[in-house]
Every structure is written in C-alpha cells, then in structure tokens.
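Model, not experiment: these values are computed from the prediction. Each chain gets a letter, A, B and so on, in the order its sequence line appears, and its residues count up from 1.
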Amino acid sequence: MPELPEVETTRRGIAPAITGKRVTAVVVRDHRLRWPVPADLQERLQGQRCQAVDRRGKYLLLRFPSGTLLMHLGMSGSLRTVPPATAVLKHDHIDLVFDDSLALRLRDPRRFGAVLWAGENPSEHALLASLGPEPLTTDFSALHLYQLSRGRSAAVKSFIMDNATVVGVGNIYASESLYLAGIRPTRPAGKLTRNDCERLYTAIVNVLTAAIEQGGTTLRDFAAADGQPGYFAQKLNVYGREGEACHACSTPIKALRIGQRAAYYCAACQR
DNA sequence: CCCGATTCCTGTAGGC
DNA sequence: TGCCTACAGGAATCGG
C-alpha cells in the first residue's frame, strides 16, 4: 500500500534510470485507472526528454519540457524499470519506453492509481492544489498540527490521514505514528495539547524517515523499481498486530475501525 | 466548513 | 476442493 515512504522509494528507484532519457513509445494497454488515462499521452510525450522525477505527497511528477505527468500508485500500484521486451503480465497497464532501451512499467491490479497530464503548472492541478505540507520539510511542524486541529472533533487518526493536514500519512504510518507518540487513535484532534502535537509531529517525521531508510513497507504488493520489497514491515509496532504483545509493555495490541479503516494501538501505552 | 459513509477495484483469506 | 463473503485501502465525492 503505497504511502509516502513507498512512493519516495519508487521515485529514488526510477529517477536515475529515466532522467535525461527520451520517450520513444507510450503503450497504454488499459486506460481504466482511477480516471481514464489521457488518450493523447503518446503525442504529448513522444520525443520528450524526462528532466526530473519529483514527488508531491503520494504523487510522482515526471517533468518534461511540455509539462508534467502525474502518477499515483493508488493502493496496489508499482513502477518497475525493465527491458522493453520483458513479458507483459496481467495488470501491467502502461509502459513508457525510453530510448528504445528501457521501459517504465506501471502495474496496478486494483486500478486505484492514476496517470494524468498536469501541464506546465502541476501545483495548480486540482489534485495537488489543496494538499497540505510535506512532512519531511520545514513546511510541517508541531504548531501546524496544533493550530489546524483546533475545534476539530474528528479522530486524530483521521485527522493525520487527511492530505489537507499533512501529505503522505496513510493507514499504516498513521497507526505507527500514534503509537510512537503515545496517543490513542480515537482521540478527537481538537483535544490534542501542544505537547501531544510536538510528540505527534516528531513521531510522524521519525516513522516516515525510518520507513524510507528501509525501502518502505511491503505487506503484499509493494516493490521498488528494481522489484525488491521494502523491509519496514519488520519494524511495525502495532499495524496488523492485533492480539500480539506490545513491544514496550507486552499488553495485547487492540484493533478497531475508525472511519471505515483498521486502526491498531496499545491501550496501555497510548492515552 | 466539517465529518462520516460510500464508492471505485481485484486478490486473498476465512468460513462452511 | 470449491463457493461465497468480507476485507484490504487512497481519496474523491456525497449527504447530513
């Protein structure tokens, strides 16, 4: 399930492989993603050189002279760099072929991902315009969490998973961050103290940073551009560990549903 | 504005 | 073994 660390791992994998290379072919085998893949992708990209691969939240931004290609991995998407002749498997929906020698191949079984053309000012694109701060930059802070949460009754877990609060925190890292911060996921966001927000801020930054260092979390589908899994799953404290012992106090981890999503926490360590 | 529920999709796991 | 159902979740969208 690609969250920020998985998308960043993907970015780091594909950027050196395609930056500076020219698109020689675009193959769209299935245009039915979250939104239809633009029919004019080939003519927009043909002959264009990829200038950079950036990331905004969980979106990858492939920069070309004529504009930016937005890619989102949804929940089951992955990007690999493969020789163009590599056998196509089920769910391999799109190839961007570079210099006739390398294909950037999008695989997405559940098709929740997106590939969209954003033009020359992608930050003005509707999908990017209202995103909150990047968690690993100085745009994000404890004060931001504190101020934005005032008067909010939603559970803090829903609050930090909202991309308007901060980008990149999905279901796994939300539970992990709240565990590290010692905060129950059900707490109304508006009841967080300044100190809570300090600990939550630090926890989010630390957990995302550590996950990137491990190449992300592979539970089932996720793989980096070279096909390798991420190893952060070995470091999870609460996610998916219902009934297992808390690493700190041995209390069995509890699970519940918040906003139709599984949440995991230690009732002893988190208040 | 805010918030919770619904929706999209397919593979997998669990129950019987 | 096979069939059925529930569940996984990013995030837009909708209804209250």
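- Taking atom CD of residue A:E6 and atom C1' of nucleotide C:dG9, one finds them 13 Å apart after rounding to whole Å.
- Whole-Å rounding puts the A:K157 NZ to C:dG9 C1' distance at 10 Å.
- Residue A:S158 is out of contact with every strand shown, counting any heavy-atom pair closer than 4.0 Å.
- If you measure from atom CD of A:Q260 to atom P of C:dA6, you get 14 Å, rounded to the nearest angstrom.
- One interatomic measurement links the two molecules: CE of A:M75 to P of C:dC7, which rounds to 15 Å at whole-angstrom precision.
- Both A:F112 and A:L131 lie close to DNA chain C; mapped to their nearest nucleotides by heavy-atom distance, the more 5′-ward contact belongs to A:F112.
- For A:R12 and A:E8, the salt-bridge test passes: some basic side-chain N is under 4.0 Å from an acidic carboxylate O.
- A straight line from CD1 of A:I172 to P of C:dG9 spans 7 Å, rounded to a whole angstrom.
- Side-chain N/O atoms of A:H91 include none lying less than 4.0 angstrom from OP1 or OP2 on B:dC9.
- If you look at A:F140 and A:Y201, their ring centroids are closer than 6.0 Å.
- Note on A:L73: nothing from the nucleic acid sits closer than 4.0 angstrom, heavy atoms only.
- A close approach under 4.0 Å does not occur between any side-chain nitrogen or oxygen of A:K90 and OP1 or OP2 of B:dT10.
- Judged by distance alone, the side chains of A:Y264 and A:E244 never bring a donor and an acceptor atom under 3.5 Å apart.
- Taking side-chain N and O atoms only, A:H72 has a distance below 4.0 Å to OP1 or OP2 of C:dA11.
- Residue A:R34 has no polar side-chain atom (N or O) positioned under 4.0 Å from OP1 or OP2 of B:dC9.
- Set against C:dA11, B:dT6, C:dG9, the side chain of A:A262 has C:dG9 as its closest nucleotide.
- Residue A:R152 is classed as a sugar-phosphate contact, given heavy-atom separations below 4.0 Å to backbone atoms only.
- Candidate nucleotides C:dA12, C:dG10, C:dG9 were compared by shortest atom distance to the side chain of A:Y239, and C:dG9 ranks first.
- Here A:R110 does not reach the OP1 or OP2 of C:dA11: none of its side-chain N or O atoms lies under 4.0 Å away.
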How far apart are the C-alpha atoms of A:T186 and A:R184, what are their side-chain angles, what is the distance that settles it, and do they pass the side-chain contact (heavy atoms from CB on, under 4.5 Å) test?
CA-CA 5 Å; A:T186 47; A:R184 288 214 188 177; 3.9 Å; yes

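- Residue contacts for A:N163: at a heavy-atom cut-off of 4.0 Å it reaches the sugar-phosphate backbone alone, with no base atom in range.
- A donor-acceptor contact closer than 3.5 angstrom is absent between the side chains of A:H93 and A:D108.
- To the nearest angstrom, P of B:dT10 lies 17 Å from CG of A:L89.
- The base of C:dG10 sits with one of its N or O atoms less than 3.5 Å from a complementary donor or acceptor on the side chain of A:R261.
- No contact: A:F159 has no heavy atom under 4.0 Å from any strand.
- The A:R111 side chain lies nearest to B:dC9 when the options are B:dC9, C:dG9, C:dG10.
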